[in-house]
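Working notes, beginning with the structure itself.
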Amino acid sequence: MKYWLFKTEPDAFSIDDLVNAPEQTEPWDGIRNYQARNFLRDEVDVGDLVFIYHSSCKQVGIVGLAEVVKSGYVDHTQFDPEAKYYDPKSSREKPRWYMVDIQFSQKFSQLLPLSIIKTMDDIKEIGLVKKGHRLSIMPVQKTEFEALLSRCENKA
DNA sequence: GCCAACGTTGGC
DNA sequence: GCCAACGTTGGC
């Protein structure tokens with residue numbers, strides 16, 4: 001099992017939207033970055049755990065946990081000229097972009113702010129704390145995942 | 001809204 | 001294949 005962190009802008013899609021989604025499950029579409037795509041297509045597996053992270057908003061940080069329920073498949077929105085993430089250079093014969101489905105697992109009673117994550121002694125590798133790392137899909141080491149998770153859950 | 005740090009594009 | 005220009009991300 002692997003661990004991930006997915007960024008989302010809560011104005012577009014928040015943890016509460018995931019809670020309210022049918023079966024609390026949502027396709028994670030719209031990823032248009034090759035490195036992130038490679039993770040979605042090749043490495044994210046059913047059963048992997050995913051931190052949901054709110055970015056570009058007032059309170060930036062980890063807000064909840066989800067589980068992967070469907071591994072990489074073609075993101076059909078790339079073929080739809082009406083869609084926000086339409087990619088005219090992609091084709092059905094050679095699709096460029098992939099997505100996975102995730103299901104809500106839990107919402108933490110308090111958001112774990114990025115500012116706190118940056119001060120945690122045992123959190124040194126996650127992309128969030130590294131300069132200039134902007135990937136919206138990033139792997140999380142098991143040890144760091146566990147440290148972050150316990151920090152989130154102990155903050156009742 | 002600013003701006004630093006990336007990623008992508010396209011001319012050569 | 002280089003690299004300048006441009007677009008995007010995302011914290012602050």
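Letters A, B, ... mirror the listed sequences (proteins, then strands); counts begin at 1.
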A:Glu9 atom CD is separated from C:dG11 atom C1', nearest whole Å, by 12 Å
Rounding to an integer number of Å, can you tell me how far A:Leu135 CG sits from C:dG11 C1'? 16 Å
Residues at least two apart in sequence or cross-chain that pass side-chain contact (heavy atoms from CB on, under 4.5 Å) with A:Lys142, listed by chain then number, are A:Tyr3, A:Glu146
Can you tell me if A:Lys118 touches the phosphate of C:dC12, counting only side-chain N or O atoms and a distance under 4.0 Å to OP1 or OP2? yes
Starting at atom NE2 of A:His54, determine the distance to atom C1' of C:dG11, rounded to an integer number of angstrom. 16 Å
Among B:dT9, B:dG7, C:dG11, find the nucleotide with the atom closest to the side chain of A:Lys89. B:dT9
d(CG, A:Asp87; P, C:dT8) in whole Å: 13 Å
Starting at atom CD1 of A:Ile31, determine the distance to atom P of B:dG7, rounded to an integer number of angstrom. 15 Å
Give the nucleotide from the list C:dT9, C:dG11, B:dT8 with an atom nearest to the side chain of A:Arg134. C:dT9
Using 30° and 60° as the class boundaries, would you call the ring planes of A:Trp28 and A:Phe13 parallel, tilted or perpendicular? perpendicular
Would you find more than 12 non-hydrogen atoms of other residues, nucleotides or ligands less than 6.0 Å from A:Gln141 atom CD? yes
Sugar-phosphate only, base, or nothing, as touched by A:Lys130 at under 4.0 Å among non-hydrogen atoms: nothing
Check the distance between C:dG10's P and A:Leu128's CG and give it to me in whole angstrom. 10 Å
Expressed in angstrom and rounded to an integer, what is the separation of A:Arg32 atom CZ from B:dC6 atom C1'? 19 Å
So which atom in A:Ile62 and which in A:Cys152 form the shortest heavy-atom distance, rounded to 0.1 Å? CG2-SG, 4.1 Å
I want to check one thing: is the phosphate of B:dA4, taken as OP1 and OP2, less than 4.0 Å away from some side-chain N or O of A:Lys131? no
ILVMFWY cluster, A:Met99 and A:Ile137 together (side-chain gap under 4.5 Å): no
Roughly, in whole Å, what's the span from CZ in A:Arg96 to C1' in B:dT9? 11 Å
Just N and O in the side chain of A:Tyr53: are any of them under 4.0 Å from OP1 or OP2 of C:dG11? yes
Assign A:Ser56 to base, sugar-phosphate, or nothing according to its heavy-atom contacts below 4.0 angstrom with the strands shown. base
